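All values below come from the heavy atoms of this structure, side chains included, with hydrogens, waters and symmetry mates left out. Bear in mind the structure is a predicted one, so any value in this text is a computation, not a measurement.
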Amino acid sequence: MRAGDYPRAWALSARDMAQRDPATRDDPSLPYHLRWVWDGRSFDGYDVLVRCYHGLGDTIQFARFLPILARRAASVTVEAPARLRDLIASVDAGINVVPFDHAHPLPPAACDIEITELPFALRARPETGIFPYVKASAAALPAGITGLCHQGGDWDPARSLDPALFAPVAAAHRCITLVAEPSPLPVLNPSGCAFAMDATASLVAACDLVITVDTMIAHLAGALGRPTWLLLKAEPDWRWNPAATDTPWYPNMRLYVQRTPGDWAGVIARVVRDLADRTSTFTNDERLAHGEYRGTISSRVLG
């Protein structure tokens with residue numbers, strides 16, 4: 001998948017499927033993120049239930065394939081994390097999105113499939129479909145805002161960086177934090193980003209640029225079509241090619257990969273340099289819009 005050799009990736013997936021014990025399908029003894037769901041059965045003309053067993057970012061990333069599935073199935077119901085219900089519903093009016101209750105999941109449909117299995121089932125490449133593919137109303141922010149996210153999931157601390165490294169960015173540009181905790185940086189929302197997904201999506205939709213580590217914010221910004229600079233550890237997740245500066249998953253995204261493990265300072269130095277180059281291309285009017293504003297955003301705007 002990283003190399004773009006999708007036929008080979010799908011052939012390997014087909015091999016793995018053929019070797020699975022059908023009795024282990026959607027095995028309730030396993031954590032949700034380790035389960036497999038689709039057994040290869042046809043979904044054309046059938047009612048399909050899409051289960052979202054992985055993280056918020058994975059769900060947003062693979063939601064791009066839902067309209068393709070909807071065109072082929074009789075109906076599509078997506079059992080999505082409650083926080084993402086409205087966002088995933090914005091992908092396609094023809095799908096029904098219900099909150100995922102871990103204690104009481106929906107009963108099986110004619111065809112069940114986990115959302116990360118969609119590219120294999122549909123033989124669909126990352127760039128397939130309409131882009132951007134999720135919608136959110138932009139918050140009423142000043143022009144020229146850069147959104148910053150330094151924090152990834154706790155399960156992989158190597159994805160996160162010290163927020164102090166963003167200090168030269170926040171000092172030179174109007175910034176907000178997209179992390180749901182107080183920020184030590186001179187950002188417009190020092191108390192942090194609202195935890196509610198609709199408020200977060202509205203802030204991201206209003207950003208001129210999002211600079212983020214590999215976490216849900218990266219997928220949200222990419223899916224919304226916002227210019228996004230993704231900061232990656234030296235050996236990133238399978239979906240990001242460390243030898244590239246772009247990605248087929250999000251055409252609006254630029255990759256900044258550590259050249260040596262743990263070297264976030266080197267990554268930020270490149271970001272600061274490229275931000276300076278980016279700012280230098282603005283017209284005089286744009287420079288005024290991106291000027292030295294050091295106010296704070298009201299709690300109403302932050303949701």
Side-chain angles (χ1 to χ4, degrees), residues 56-57 60 83-84 86-90 131-152 161 163-213 215-231 250-254 256 268 271-272 274-303:
L56 301 180
I60 294 170
R83 289 183 64 200
L84 293 182
D86 292 344
L87 191 72
I88 299 304
S90 75
F131 187 89
Y133 55 89
V134 299
K135 303 176 184 67
S137 298
L141 301 185
I145 294 292
T146 297
L148 304 176
C149 177
H150 68 272
Q151 188 177 86
L161 56 82
L165 290 171
F166 275 139
V169 177
H173 305 272
R174 280 189 290 185
C175 295
I176 61 171
T177 178
L178 297 172
V179 178
E181 62 182 36
S183 175
L185 300 169
V187 293
L188 304 185
N189 57 337
S191 61
C193 174
F195 184 75
M197 184 57 63
D198 59 344
T200 301
S202 291
L203 288 177
V204 171
C207 285
D208 183 64
L209 173 68
V210 173
I211 304 174
T212 177
V213 297
T215 190
M216 182 274 294
I217 291 295
H219 295 286
L220 177 60
L224 284 166
R226 303 315 302 145
T228 306
W229 292 3
L230 178 61
L231 316 182
Y250 302 107
N252 55 305
M253 186 172 282
R254 183 187 300 182
Y256 289 82
I268 296 299
V271 166
V272 170
D274 289 352
L275 278 172
D277 291 343
R278 185 176 187 265
T279 303
S280 70
T281 66
F282 292 150
T283 65
N284 288 335
D285 288 343
E286 287 171 328
R287 288 192 182 96
L288 289 173
H290 291 72
E292 295 182 357
Y293 179 90
R294 284 294 175 265
T296 58
I297 305 173
S298 71
S299 58
R300 180 182 62 80
V301 172
L302 287 173

Residue pair V169 / V272, side-chain heavy-atom distance below 4.5 Å: yes
Closest contact, heavy atoms only, T200 versus A194: OG1-O, 2.9 Å
OH-CG distance between Y256 and L230, expressed to the nearest 0.5 angstrom: 10.5 Å
Check: L220 and L178 side chains under 4.5 Å, non-hydrogen atoms: no
Residue of the set V210, L188, D208, V187 for which side chain to side chain contact (heavy atoms under 4.5 Å, CB included) holds with I145: L188
Minimum-distance pair of heavy atoms, taken over all atoms of A221 and T228: CB-OG1, 3.3 Å
Evaluation steps, side chain to side chain contact (heavy atoms under 4.5 Å, CB included), between I176 and L203: CA-CA 9 Å; I176 61 171; L203 288 177; 4.1 Å; yes
Non-neighbouring partners of H150 that pass side chain to side chain donor-acceptor pair (under 3.5 Å), sequence neighbours left out: none
Student check: side-chain heavy atoms of F166 and V271 closer than 4.5 Å: no
Sub-4.5 Å side-chain heavy-atom contact between L224 and P132: no
Minimum heavy-atom distance V213-G152, with the two atoms named: CG2-N, 3.7 Å
Spacing of S191 atom OG and E181 atom CD [to the nearest 0.5 Å]: 11.5 Å
Min side-chain heavy-atom separation T177-L185 under 4.5 Å: no
Main-chain N/O of G225 paired with Y133 side-chain donor or acceptor, under 3.5 Å: no
R278 vs H173 side-chain heavy atoms within contact, under 4.5 Å: no
From CA spacing to verdict: side chain to side chain contact (heavy atoms under 4.5 Å, CB included), L275, L209: CA-CA 10 Å; L275 278 172; L209 173 68; 3.5 Å; yes
Geometric class of the F131/Y250 ring pair [parallel <30°, tilted 30-60°, perpendicular >60°]: tilted
Min side-chain heavy-atom separation V179-I217 under 4.5 Å: no
Donor-acceptor contact present, side-chain S202 to main-chain S137, <3.5 Å: yes
Smallest separation among heavy atoms of A136 and A201, with atom names: CB-CB, 3.7 Å
Non-hydrogen atoms of G222 and N252 that approach each other most closely: O-OD1, 3.5 Å
Close side-chain approach of D86 and D198, heavy atoms under 4.5 Å: no
Residues T215, C149; criterion side chain to side chain contact (heavy atoms under 4.5 Å, CB included); working and verdict: CA-CA 9 Å; T215 190; C149 177; 3.7 Å; yes
Heavy-atom closest pair, residues A206 and A139: CB-O, 3.4 Å
